[in-house]
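Here is the naming used below: chain letters follow the sequence lines, and residue numbers restart at 1 for every chain.
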Amino acid sequence: MDNTIITRFPPSPTGSLHVGGARTAVFNWLYARAKKGKFILRFEDTDQERSTKESEEEILEAMEWLGLDYDEGPFYQTKRSDVYQKYADILIEKGLAYYCTCTQEEVEAMREKAKAEGRKPKYDGRCREKGLKKTEGAVLRIKAPLSGTCIIKDVIKGNIAVPYEELDDFVIQRSDGTFTYNFAVTIDDLTMGVSPVIRGDDHVSNTPKQIIIYEALGEKVPEFGHVPMVLGSDKKRLSKRHGAMSILEYKKLGYLPDAVINYIVRLGWSYGDQEFFTRKELIEKFSLENIGRSPGVFDPEKMLSINAEHMQNSDDDFLCRIISSQSKIPVSDKLKLAVNVYKSRAKTLIELEDSIKVYFTDEFEYSEKAAKDNLKESSKEILKSFADKLGAIKDFTHDEIDAAFNQVLADHEIKFPKLAKPLRVALTGTAQGAGIHETLDLTGKDKAIERIEKAIMWINGNKC
RNA sequence: GUCCCCAUCGUCUAGCUCGGUCCAGGACACCGGCCUUUCACGCCGGCGACAGGGGUUCAAAUCCCCUUGGGGACGCCA
């Protein structure tokens with residue numbers, strides 16, 4: 001018809017969207033966006049036992065959070081059996097599919113035997129030429145080529161050759177009338193015009209089966225792109241214990257969706273030495289050719305640091321809105337200032353919120369060590385005289401504050417840190433954080449005096 | 001067992017298509033230092049890899065073969 005690129009993401013709603021799944025979703029989405037094509041969402045829910053509505057909703061929510069919008073769907077395989085039946089009938093008519101009445105036990109026995117003889121475990125095709133009619137308990141099998149080689153044209157891995165002898169006459173329709181995964185996927189991709197089919201590495205061995213179906217139907221075989229798996233730190237397939245939790249967990253942990261996408265894409269794909277990408281840049285620069293061929297290990301630390309980088313590069317207003325919605329602190333110039341000053345000190349949105357909330361509440365505690373080291377008897381007078389000077393200030397400007405600093409410093413014959421450090425602890429409860437001017441600005445004059453007095457009381461109380 | 005895929009610092013990777021510019025570059029982590037009232041940020045420097053063995057070649061991380069290692073798949077699951 002036309003050359004529009006159509007990609008798809010086909011999760012089975014049997015669990016949440018985790019890192020690996022999200023990555024193939026992102027690759028498909030990016031490629032469609034990069035090529036100005038279409039991105040389709042399709043739920044492969046033919047496994048009625050394990051599919052749940054909750055999983056479906058969670059996947060939808062995760063995709064929305066990541067900003068992976070789709071142009072068509074979501075489609076549901078369970079609602080498309082009539083389409084599959086139509087194509088199965090074509091195959092039967094062409095004599096390229098046949099009914100088989102072997103029991104599962106019989107087939108299992110064949111496989112055991114073949115295995116024992118050192119051959120590939122497979123169905124031996126005993127019903128292939130029997131011309132059996134459809135009967136209770138019969139399955140529909142495809143007539144697979146007996147010889148020759150299947151060439152998978154893979155845009156990522158290059159051509160892959162698999163001898164047809166490796167495959168058997170696999171089942172395309174179960175005895176209960178439902179269709180198997182390989183058949184449903186193929187018909188879906190075919191009828192939805194999907195190409196390239198971008199999916200995980202673990203599907204390469206399914207691909208020859210699907211090619212057999214396309215060819216039996218006399219249809220054009222799409223292009224494939226198999227992306228390598230994501231591994232855990234032990235080089236084993238990623239699982240919960242490696243931190244392969246739901247992608248939504250990262251939202252809870254305070255990650256930015258763009259950072260998650262950046263990390264996930266860069267794991268297995270590269271663009272020279274560049275590490276940091278905005279979503280826009282990714283769409284501009286993404287290409288299938290630059291996806292690597294080897295599996296990659298998921299590194300939570302690197303993802304964290306990419307997130308920190310995205311935080312730093314984020315617009316203050318944008319960060320402000322997120323912090324406000326997650327913390328109930330209303331958006332204000334003060335919040336914006338706080339975000340601006342603290343965003344380079346936080347690796348996640350949660351850390352950011354934690355570090356600035358002291359400016360929006362009167363309830364905060366001194367960190368034990370910070371108080372012990374800085375709120376000492378010797379700091380009392382210094383703090384006291386600074387509070388007095390502050391009280392006398394007319395304009396709460398940096399110049400006036402500096403003047404107050406200098407006076408206190410001169411009066412007590414001390415260096416700046418002797419005042420600044422206890423002051424920061426008095427104002428924020430911790431020994432580290434923003435510069436003292438920013439800290440004062442965020443606290444406000446009256447609150448600053450109040451907190452200094454509170455700190456002095458604390459020193460007095462602590463003494464006894 | 002059989003088939004398929006893969007192999008550069010601890011990890012993600014550049015380089016491999018067109019062998020020499022690579023005694024291998026960047027990033028995370030780690031270790032020093034600078035900046036600085038603190039902590040971050042930033043900047044500078046350090047540590048650290050072509051799995052092994054054979055070829056081909058004047059020359060190999062780059063091409064070929066073998067070995068080893070890792071991953072995946074062999075269902076009326078997806």
Let's test this: given Watson-Crick or G-U wobble pairing with both distances under 3.5 Å, identify the partner of [N].
N	answer
B:C74	B:G1
B:A7	B:U68
B:G19	none
B:C43	B:G33

Students often get this wrong, so: under 4.0 angstrom with heavy atoms, is [X] touching a base, only sugar-phosphate, or nothing?
X	answer
A:Glu49	nothing
A:Gly268	sugar-phosphate
A:Glu301	sugar-phosphate
A:Ser175	base
A:Ile436	base
A:Cys100	nothing
A:Ala308	nothing
A:Val171	sugar-phosphate
A:Gly433	base
A:Lys120	base
A:Arg424	base
A:Thr178	nothing

Just wondering, do A:Val425 and A:Thr430 contact through their side chains at under 4.5 Å, heavy atoms?
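No; the side chains remain at least 4.5 Å from each other.
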
Separation of [X] atom [atom1] from [N] atom [atom2], in whole Å?
X	N	atom1	atom2	result
A:Trp269	B:G26	CH2	P	20 Å
A:Phe179	B:G75	CZ	C1'	18 Å
A:Asn307	B:A40	CG	C1'	15 Å
A:Asn290	B:C16	CG	C1'	13 Å
A:Asn159	B:U17	CG	P	18 Å
A:Lys115	B:G75	NZ	P	8 Å
A:His226	B:C5	NE2	P	12 Å
A:Lys343	B:C41	NZ	P	15 Å

Would you indicate which nucleotide in [options] comes nearest to any side-chain atom of [X]?
X	options	answer
A:Asp299	B:C6, B:G10, B:C74	B:G10
A:Ser344	B:U38, B:C6, B:C41	B:C41
A:Pro417	B:G72, B:U37, B:C5	B:U37
A:Ser12	B:C4, B:A78, B:U37	B:A78
A:Gln432	B:C39, B:C6, B:C3	B:C39
A:Asp273	B:G26, B:U13, B:C76	B:G26
A:Ser270	B:U11, B:U37, B:U13	B:U13

Considering only the [atom1] atoms, how many Å lie between [N] and [M], rounded to the nearest integer?
N	M	atom1	answer
B:U13	B:C22	C1'	16 Å
B:C44	B:C35	P	15 Å
B:U2	B:U56	P	31 Å
B:G25	B:C50	C1'	13 Å
B:G54	B:G71	P	28 Å
B:C47	B:C30	C1'	8 Å
B:A60	B:G53	P	14 Å
B:G72	B:C63	C1'	27 Å

Proximity of A:Phe276 and A:His310 rings by center, below 6.0 Å:
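Ring centroids of A:Phe276 and A:His310 are less than 6.0 Å from each other.
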
Base of [N] paired with side chain of [X] (donor-acceptor, under 3.5 Å):
X	N	result
A:Glu275	B:G26	yes
A:Lys302	B:A27	yes
A:Asp201	B:G72	no
A:Arg345	B:C41	no
A:Ser205	B:C4	no
A:Asn206	B:A73	no

Does the side chain of [X] come under 3.5 Å of the side chain of [Y] through a donor N or O and an acceptor N or O?
X	Y	value
A:Glu275	A:Tyr263	no
A:His226	A:Asp154	yes
A:His412	A:Ser385	yes
A:Asp45	A:Thr78	yes

If you find the nucleotide of RNA chain B closest to A:Asn182 and the one closest to A:Ala431, which residue's nucleotide is nearer the 5' end?
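Comparing both residues, the 5'-ward one is A:Ala431.
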
5' precedence on RNA chain B between A:Pro163 and A:Asp176 (nearest-nucleotide basis)
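By nearest-heavy-atom nucleotide position, the 5'-most residue is A:Pro163.
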
If you compare every side-chain N and O of A:Arg111 against the phosphate oxygens of B:C76 (OP1, OP2), does one of them come in below 4.0 Å?
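So the side chain of A:Arg111 is within the cut-off, an N or O lying under 4.0 Å from OP1 or OP2 of B:C76.
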
Is A:Ser294 near enough to B:C5 that one of its side-chain N or O atoms lies under 4.0 angstrom from OP1 or OP2?
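No, outside the criterion.
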
For A:Arg42 and A:Glu44, run salt bridge (charged side-chain N to carboxylate O under 4.0 Å, His left out): C-alpha distance rounded to whole Å, both residues' side-chain angles, the deciding distance at 0.1 Å, then the answer.
CA-CA 6 Å; A:Arg42 181 174 80 217; A:Glu44 312 215 315; 3.0 Å; yes

A:Lys53/A:Glu57 salt bridge by N-O under 4.0 Å criterion:
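Salt bridge absent between A:Glu57 and A:Lys53.
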
Quick check on salt bridge (charged side-chain N to carboxylate O under 4.0 Å, His left out): which of A:Lys122, A:Lys209, A:Lys120, A:Arg119 does A:Glu166 satisfy it with?
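Checked A:Lys122, A:Lys209, A:Lys120, A:Arg119 against A:Glu166; only one passes salt bridge (charged side-chain N to carboxylate O under 4.0 Å, His left out): A:Lys120.
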
Separation of A:Leu60 CG from A:Leu68 CG (nearest 0.5 Å)
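Result: 11.5 Å between the selected atoms.
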
